[in-house]
Amino acid sequence: QVQLVESGGGLVQTGVSLRLSCAASGRTFSSYVMGWFRQAPGKEREFVAAISRSGGRTYYADSVKGRFTISRDNAKNTVYLQMNSLRPEDTAVYYCAAGTPGLGVQPLSLYDYRYWGQGTQVTVSS
């Protein structure tokens, strides 16, 4: 069992930066692939970014590539999402997720993740 708690969301203006954090409980954090997803009002939850167990491999949605950076600190059981150059279309509830997808599987689907946080709201005003 893994419990995930996101923090760092808020209301910001276009162009600024935010860093989201996701703290995980348990002693097996490093055994999980970690991902960030987001869900805007009236839309389906979508993949944002993911990071491998060691942190050596990262994956990004095209819409955030070059602006967002995912990282993890296995010693602190925490995964981060650094979001730069925020846009109004980035407005959503952001969810942290933990999963154990098979080897060679790119962890881009929400079905690759078993554990989810409660989410943190990010609102970007124009």
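The shown structure was predicted, so the numbers you read here are calculated from the model rather than taken from an experiment.
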Any idea which heavy atoms bring P107 and P101 closest together, and the distance?
-> CB-CG, 4.0 Å
Taking only residues at least two apart or on different chains, which pairs with a member in residues 82-97 satisfy salt bridge (charged side-chain N to carboxylate O under 4.0 Å, His left out)?
-> R38-D90, R67-D90
Are F47 and V64 in one and the same hydrophobic cluster, where Ile, Leu, Val, Met, Phe, Trp and Tyr link if side-chain heavy atoms are under 4.5 Å apart?
-> no
Any side-chain heavy atom of Q121 sitting closer than 4.5 Å to one from T91?
-> yes
With no hydrogens and no angle check, is any side-chain donor or acceptor of N74 less than 3.5 Å from a backbone partner on S54?
-> no
Considering non-hydrogen atoms only, spot the tightest contact between V2 and A24 and give its length.
-> CG1-CB, 4.2 Å
Is I70 linked to Y115 within one hydrophobic cluster, defined over Ile, Leu, Val, Met, Phe, Trp and Tyr using a side-chain heavy-atom separation of less than 4.5 Å?
-> yes
Is the number of heavy atoms from other residues, nucleotides or ligands within 6.0 Å of CD (Q118) greater than 12?
-> no
What pair of heavy atoms forms the shortest contact from M83 to V122, and how long is it?
-> CE-CG2, 3.9 Å
Flag side-chain contact, heavy atom, 4.5 Å: T100 against V33 = no
Transitive ILVMFWY side-chain link Y32 to L110, under 4.5 Å = no
Results of salt bridge (Lys or Arg N to Asp or Glu O under 4.0 Å) for K43 - residues two or more places apart only | none
N84 and S17: side chain donor to acceptor below 3.5 Å | yes
So, F37 versus W116, ring centres under 6.0 angstrom or not?
-> yes
Would you mind listing every ring pair (Phe, Tyr, Trp, His ring centres under 6.0 Å) that reaches into residues 77-99, with sequence neighbours excluded?
-> none
Compare all side-chain heavy atoms of S52 with those of T58 and state whether any distance is below 4.5 angstrom.
-> no
Enter the distance from R72:CZ to I51:CD1 here, rounded to the nearest 0.5 Å.
-> 6.0 Å
Who pairs with Y60 by ring pair (Phe, Tyr, Trp, His ring centres under 6.0 Å), at least two apart in sequence or on another chain?
-> none
Out of curiosity, does L20 fall in the hydrophobic cluster containing Y113 (side-chain heavy atoms, cut-off under 4.5 Å, transitive links)?
-> no
Short question: side chain of R53, backbone of S31 - any donor-acceptor pair under 3.5 Å?
-> yes
So which pairs with a foot in residues 50-95 pass disulfide bond (SG atoms under 2.5 Å apart), sequence neighbours left out?
-> none
Do the non-hydrogen side-chain atoms of L4 and M34 ever get within less than 4.5 Å of each other?
-> yes
Pairs where residues 6-104 contributes a residue and the test disulfide bond (SG atoms under 2.5 Å apart) is met, not counting sequence neighbours | C22-C96
Is there a side-chain contact (heavy atoms from CB on, under 4.5 Å) between T14 and L86 once you walk through the steps?
-> CA-CA 5 Å; T14 296; L86 282 163; over 6 Å; no
To the nearest 0.5 Å, tell me how far Q1 CD sits from T28 OG1.
-> 10.5 Å
Does the side chain of F29 come within less than 4.5 Å of T78's, by heavy atoms?
-> no
Under 3.5 Å, side chain of E6 to main-chain N/O of G119, donor-acceptor pair present?
-> yes
Spell out, as yes or no, whether a donor-acceptor pair under 3.5 Å connects the side chain of T120 to the backbone of G9.
-> yes
Shared hydrophobic cluster for V5 and L81 (ILVMFWY, side-chain gaps under 4.5 Å) | no
